[in-house]
Protein chains: 2
Amino acid sequence: MSMDFAPPKYAQVMRAIQERIESGEYAPGDMLPSETQLVRELGVGRTTVVRALQTLAMQGWIEREHGRGSFVKGRPESGADRVRPSLSTAEQGENADSLVEVTRVPAPRHVSRLLGVAERTPVIVRKRVARQSGVPSAVETVWIPLEIAVGTDLDKPEPLRNGIRRHLQAVKHLRFDHITERVSARRPTKEEAELLGSSNPVLGVLATVHDPAGAVLLAMSLALPGSLHELEDVFKVS
Amino acid sequence: MSMDFAPPKYAQVMRAIQERIESGEYAPGDMLPSETQLVRELGVGRTTVVRALQTLAMQGWIEREHGRGSFVKGRPESGADRVRPSLSTAEQGENADSLVEVTRVPAPRHVSRLLGVAERTPVIVRKRVARQSGVPSAVETVWIPLEIAVGTDLDKPEPLRNGIRRHLQAVKHLRFDHITERVSARRPTKEEAELLGSSNPVLGVLATVHDPAGAVLLAMSLALPGSLHELEDVFKVS
DNA sequence: CATAACCACTTGTGCGGACGAGTTGGCGGA
DNA sequence: TCCGCCAACTCGTCCGCACAAGTGGTTATG
């Protein structure tokens, strides 16, 4: 009668141990019960316990030392995902305020390079201003090839409430697979300076969005005022 | 007689399959031999084959589909490690040309924050200029607490041939565990502008280096001219 | 002809047992 | 006292077997 969908036992063992770590019952540095003890306590085979422990070790929850035991390390840090400005730009919903203009122009040289099309091929440009509590905090310029934009609302001057990624996903089933992003420092262009209300240095982000096959779906150029944005990153040495 | 150090069998199975993928014998999309076939071919138990295949799947070499088979995906991409300017600064060897000055000064406010010491605590400052084919490409200012610098050559105005990390490792057995890095855009300071020969916008990098316990070993502030540096990053969506 | 049952294949999970090897502490002999 | 050996513990690997469950093609049935 019951749905009776049981996760595999080794996963249950993992969960049990993770919960004890998170609750503090097993503190960092503590030795875990030995495999044999866990077998008795949990009523499963050693194969199962070992599989659970080895997976936890791979994920960084515990450390295993041959001949000594298994030791708690703590909840693994997720690698502290960096903030990805281009990803926010792809996700962010638009409103009448943020959308500056939508035009169709021949692709300038640097954009045609990013999109992999011939120079001066017509492309759609969506220009937007992101604001934080009213203050302009970024100018986002998105370049979309016509083949991609056709049949969507990307070339229409109305705000996309759900953002670019969700719109393309819903209307044309296009999947954003990965993004390459290049960050530098530069002066804002004249237009960016006007929209931002300042010509102080900006972080210039150039990004291309790719589908699973690696083809470029669209490109974007962001101007983030240096006084408002810091991109933080934590990483292990060697 | 022989050293006769044999890696575990499951690792040998993994290697065998990886090699066949890299050689092209198994092309992306191909179905791998079934577990039973591998058992017969390689003369090991199914447990061993399964462990190898499941590990390969976790690492992204292959995909496994219940009831259908295992399929080649290809060599997993390493996540395309981003360039870490602060890491280069820690590793880079110095020479008479690059070292600008080594002084002892009271920590200014923002540095004392980074180092977690009281304002105006004396600290060592090493200032260097990185060059690429003669052109100044970065100004690197490193701030080191006295406790760390004592007993090392960090407070001496001679170039450290092997770089800061290796020097601290060799002399005081201090291990660099992780680094947090914050990137922004700003104008260079007057001194940076002089050393760089330009006052165009720079990427400003503030970084702190931590030991395994999380304690701050040193801090650094880098000025990378925007016209010379792009930080590239590739990442998966969602 | 459409459908259902069946079969041969695949991977997923689980058990018990076995042996190897590293670690630790205690016990006895020198 | 000091040192070496050994037993008892730990994890690492491997095996054979078993059964569940998903997939795809063939065959029997209505």
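Only heavy atoms go into these numbers, but all of them, side chains included; no hydrogens, no water, no symmetry mates.
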task: Strictly below 4.0 Å, heavy-atom distances to any atom of DNA chain C: list the hits from residues 11-19 of chain B, or just say none.
output: none
- prompt: What pairs of residues pass the side-chain hydrogen bond (donor to acceptor under 3.5 Å, both in side chains) test when at least one of them lies in residues 203-222 of chain A, not counting sequence neighbours?
  reply: Thr180(A)-Thr208(A), Thr208(A)-His210(A)
- request: Might you point out which heavy atoms bring Trp143(A) and Leu115(A) nearest each other, and give the distance in Å?
  value: O-CD2, 4.0 Å
- request: Considering only NZ, NE, NH1 and NH2 on the basic side and carboxylate oxygens on the acidic side, decide whether Arg51(A) and Glu35(A) come within less than 4.0 Å.
  value: no
message: What's the separation between atom CD1 in Ile148(B) and atom CG in Leu154(B), rounded to the nearest 0.5 Å?
response: 9.0 Å
dC15(D) OP1/OP2 closer than 4.0 Å to side-chain N/O of Lys9(B): yes
query: Using 4.0 Å as the upper bound for N to carboxylate O, is an ion pair formed by Glu94(B) and Arg128(B)?
result: yes
statement: Applying side chain to side chain donor-acceptor pair (under 3.5 Å) to Gln37(A) and not counting sequence neighbours gives none
message: Taking the basic N atoms (NZ, or NE/NH1/NH2) and the acidic carboxylate oxygens, is any pair closer than 4.0 Å for Glu119(B) and Arg113(B)?
response: no
- prompt: Looking at DNA chain C, which of residues 37-46 of chain B put a heavy atom within less than 4.0 Å of it?
  reply: Arg46(B)
field: Nearest-nucleotide 5' precedence on DNA chain C, Glu35(B) against Tyr10(A)
entry: Glu35(B)
message: Is it true that Arg64(A) and Ser70(A) share a donor-acceptor pair across their side chains at a distance under 3.5 Å?
response: yes
- prompt: Is any side-chain heavy atom of Ile164(B) less than 4.5 Å from a side-chain heavy atom of Leu218(B)?
  reply: yes
- prompt: Thinking salt bridges, do Arg84(A) and Glu181(A) make one under a 4.0 Å N-O criterion?
  reply: no
- prompt: Does the pair Lys236(A)/Asp177(B) count as a salt bridge with the N-to-O cut at 4.0 Å?
  reply: yes
query: Out of curiosity, Ser86(B) OG to Met220(B) CE, how far, rounded to the nearest 0.5 Å?
result: 5.5 Å
field: Phosphate-side-chain proximity, Ser70(A) and dC11(D), N/O vs OP1/OP2 below 4.0 Å
entry: yes
field: Segment of DNA chain C, first to last nucleotide, that comes within the 4.0 Å heavy-atom reach of chain B
entry: dT10(C) to dT13(C)
message: Working to the nearest 0.5 angstrom, can you tell me the gap between Arg104(B) CZ and Ile124(B) CD1?
response: 6.0 Å
- prompt: So which one's nearest nucleotide on DNA chain C is more toward 5', Val50(B) or Ser34(B)?
  reply: Ser34(B)
field: Within residues 51-67 of chain B: residues closer than 4.0 Å to DNA chain C (heavy atoms)
entry: Gln54(B), Arg64(B), Glu65(B), His66(B), Gly67(B)
- prompt: Which is true for Thr47(A) with a 4.0 Å heavy-atom rule: it touches a base, it touches only sugar-phosphate, or it touches nothing?
  reply: base
